[in-house]
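Everything on this sheet refers to the single structure shown next.
These numbers come from a predicted model, not from an experiment. In what follows, every chain begins at residue 1, and chains take the letters A, B, ... in the order their sequences are listed.
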Number of protein chains: 2
Amino acid sequence: MGEVVEGDVGAVDAFDVFERDCPSRVTLEHVTGRWGALTLCALAEDTLRFNELRRRVDGVSEKMLSRTLQALERDGLVIREARPVQPPHVEYRLTAFGAQAAGRLRELIDLVEGRMPEVLAARESYDAARGAGWQRGQ
Amino acid sequence: MGEVVEGDVGAVDAFDVFERDCPSRVTLEHVTGRWGALTLCALAEDTLRFNELRRRVDGVSEKMLSRTLQALERDGLVIREARPVQPPHVEYRLTAFGAQAAGRLRELIDLVEGRMPEVLAARESYDAARGAGWQRGQ
DNA sequence: CGGCATCCGTGACGATACTG
DNA sequence: CAGTATCGTCACGGATGCCG
């Protein structure tokens with residue numbers, strides 16, 4: 001994974017995220033965004049309906065969940081399936097790409113969760129060192 | 001996933017990101033944030049100085065890079081090493097935790113970059129389907 | 001139930017100037 | 001070089017209300 005097939009001219013860095021106007025940055029932000037990441041991971045566990053998702057991703061507002069799902073659907077990570085019944089029944093599930101992304105995210109999240117004790121300790125010593133004269137977002 | 005080991009009082013999901021007030025969410029946002037992710041990946045390739053980093057992460061402002069680095073240092077992902085010389089010489093490098101996080105991020109980014117052609121196609125068909133009469137951020 | 005439209009505050013973010 | 005300080009903007013994101 002990741003090795004380069006030579007002979008292919010420069011298609012390698014065609015979508016390099018380090019470039020400021022690269023479209024891959026936008027997609028990456030959708031995937032790694034505050035709600036995007038959690039939404040993808042929630043859908044990786046199970047196909048869910050709108051309000052089930054809302055409950056699973058604790059704290060997300062209706063508007064943001066809606067926006068997040070639209071962005072992910074537009075980028076081809078999520079499939080929205082609406083069954084024409086009364087009352088409405090809409091389900092969200094992942095595409096193959098979405099499932100892969102969710103898998104990578106899961107690994108990252110598991111890592112972070114597992115390292116939290118160490119993170120909390122690091123914060124304390126950081127704040128202790130610089131007189132706690134901080135502020136700025138968390 | 002999600003089952004509780006009885007007898008042990010909830011230590012299992014002690015840092016579950018799906019919970020709204022969990023500190024792991026904040027750290028995850030630092031790691032996956034717009035500039036956090038790129039900064040970590042840049043430092044995974046090499047130890048860098050402030051302005052080298054600024055050039056590598058195309059588009060980041062001084063202020064945001066500074067904030068990003070502080071957040072990552074505080075969470076124990078980045079080490080800031082200042083040598084007391086004139087002119088100032090400051091280097092940033094990853095901790096073991098930071099390197100692991102960067103590795104996971106790299107995999108995610110590689111995936112996204114590789115799938116961009118498909119993403120672009122998905123967007124076109126999405127926009128085509130719904131009259132393209134939209135807007136809202138990307 | 002599954003949304004979209006609207007109002008609106010807070011803070012993220014960029015540009016610029018300044019310091020050590 | 002490596003930042004901090006200050007200012008202005010605008011879009012993120014929550015609350016509310018309405019519709020199919």
Side-chain angles (χ1 to χ4, degrees), chain A residues 20-21 25-26 29-30 32-39 42-43 47-74 78-93 130-131 133-138, chain B residues 20-21 25-26 29-39 42-43 47-74 78-93 126 129-138:
Chain A
R20 80 192 291 160
D21 291 331
R25 264 201 196 176
V26 177
E29 278 161 32
H30 291 159
T32 61
R34 189 181 194 180
W35 304 122
L38 296 177
T39 300
L43 289 177
T47 291
L48 293 171
R49 301 178 58 175
F50 189 85
N51 281 314
E52 290 174 335
L53 212 36
R54 193 151 145 50
R55 259 168 272 127
R56 180 78 178 109
V57 181
D58 193 24
V60 69
S61 71
E62 175 187 300
K63 186 172 76 174
M64 290 316 296
L65 180 56
S66 178
R67 278 199 194 184
T68 300
L69 286 168
Q70 282 176 26
L72 294 177
E73 188 193 355
R74 194 168 100 100
V78 162
I79 294 172
R80 177 183 185 275
E81 193 160 8
R83 270 188 272 161
V85 296
Q86 202 56 252
H89 187 101
V90 181
E91 287 195 341
Y92 293 92
R93 56 194 171 83
R130 7 204 114 188
W134 55 292
Q135 201 74 339
R136 68 182 111 268
Q138 334 233 18
Chain B
R20 78 193 293 162
D21 290 331
R25 265 199 196 177
V26 178
E29 278 160 33
H30 291 160
V31 172
T32 60
R34 190 179 192 181
W35 304 121
L38 295 177
T39 301
L43 289 177
T47 290
L48 293 171
R49 302 178 58 176
F50 189 84
N51 280 316
E52 289 173 336
L53 212 35
R54 190 151 149 50
R55 260 169 280 148
R56 179 76 178 111
V57 181
D58 193 24
V60 69
S61 69
E62 259 178 38
K63 187 173 74 175
M64 290 316 296
L65 180 57
S66 179
R67 278 201 193 188
T68 300
L69 286 168
Q70 283 177 23
L72 293 176
E73 187 193 357
R74 193 167 102 100
V78 162
I79 294 172
R80 177 182 185 277
E81 195 160 8
R83 268 188 275 163
V85 296
Q86 200 56 250
H89 186 100
V90 182
E91 286 195 342
Y92 293 92
R93 55 192 172 84
Y126 182 93
R130 11 201 109 189
W134 61 300
Q135 196 76 348
R136 72 182 102 272
Q138 336 235 15

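Of the candidate nucleotides C/dC1, C/dC4, C/dG3, C/dG3 has the atom nearest to the side chain of A/Tyr92.
Annotation: side chain of A/Ser61 is in contact with side chain of A/Met64 (closest heavy-atom distance under 4.5 Å). A heavy-atom distance below 4.5 Å is not found between the side chains of B/Gln70 and B/Arg80. Under the 4.5 Å side-chain criterion, counting only non-hydrogen atoms from C-beta, B/Val57 is not in contact with B/Arg34.
For C/dC1, the OP1/OP2 oxygens have no side-chain nitrogen or oxygen of A/Arg49 closer than 4.0 Å. Remark: A/Arg67 is in phosphate contact with D/dC12, judged by side-chain N or O atoms under 4.0 Å from OP1 or OP2.
Distance B/Glu29 CD to C/dC13 P: 11 Å, rounded to the nearest Å. We find that NE2 of B/His30 is positioned 12 Å from C1' of C/dA12, with the value rounded to whole Å. Between the CD atom of B/Glu81 and the P atom of D/dG3 there is a distance of 13 Å, given to the nearest Å. Between the CG atom of B/Leu69 and the P atom of C/dC13 there is a distance of 14 Å, given to the nearest Å. Note: CZ (A/Arg80) to P (C/dG2) measures 10 Å, nearest angstrom. Whole-Å rounding puts the A/Glu91 CD to C/dG2 P distance at 9 Å. Residue B/Leu65 contributes atom CG, which lies 11 Å from atom P of C/dG14 at whole-angstrom precision. Across the protein-nucleic acid pair, A/Gln70 atom CD and C/dG3 atom P stand 8 Å apart, rounded to whole Å.
A search for salt bridge (Lys or Arg N to Asp or Glu O under 4.0 Å) contacts involving B/Arg49 returns nothing, not counting sequence neighbours. Every residue was checked against the salt bridge (Lys or Arg N to Asp or Glu O under 4.0 Å) condition with B/Arg54, not counting sequence neighbours, and none meets it.
A/Tyr92 pairs with exactly one of A/Val78, A/Leu65, A/Leu48, A/Thr47 by the side-chain contact (heavy atoms from CB on, under 4.5 Å) rule, that one being A/Val78.
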Working for side chain to side chain contact (heavy atoms under 4.5 Å, CB included), residues A/Leu69 and A/Glu73: CA-CA 6 Å; A/Leu69 286 168; A/Glu73 188 193 355; over 6 Å; no
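Two residues, A/His89 and A/Arg20, neighbour DNA chain C, and the one matched to the more 5' nucleotide by heavy-atom proximity is A/His89.
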Nucleic acid footprint by protein, nucleotides 14-20 of chain D - heavy-atom cut-off 4.0 Å, B for base, S for sugar-phosphate alone: BB-B--B
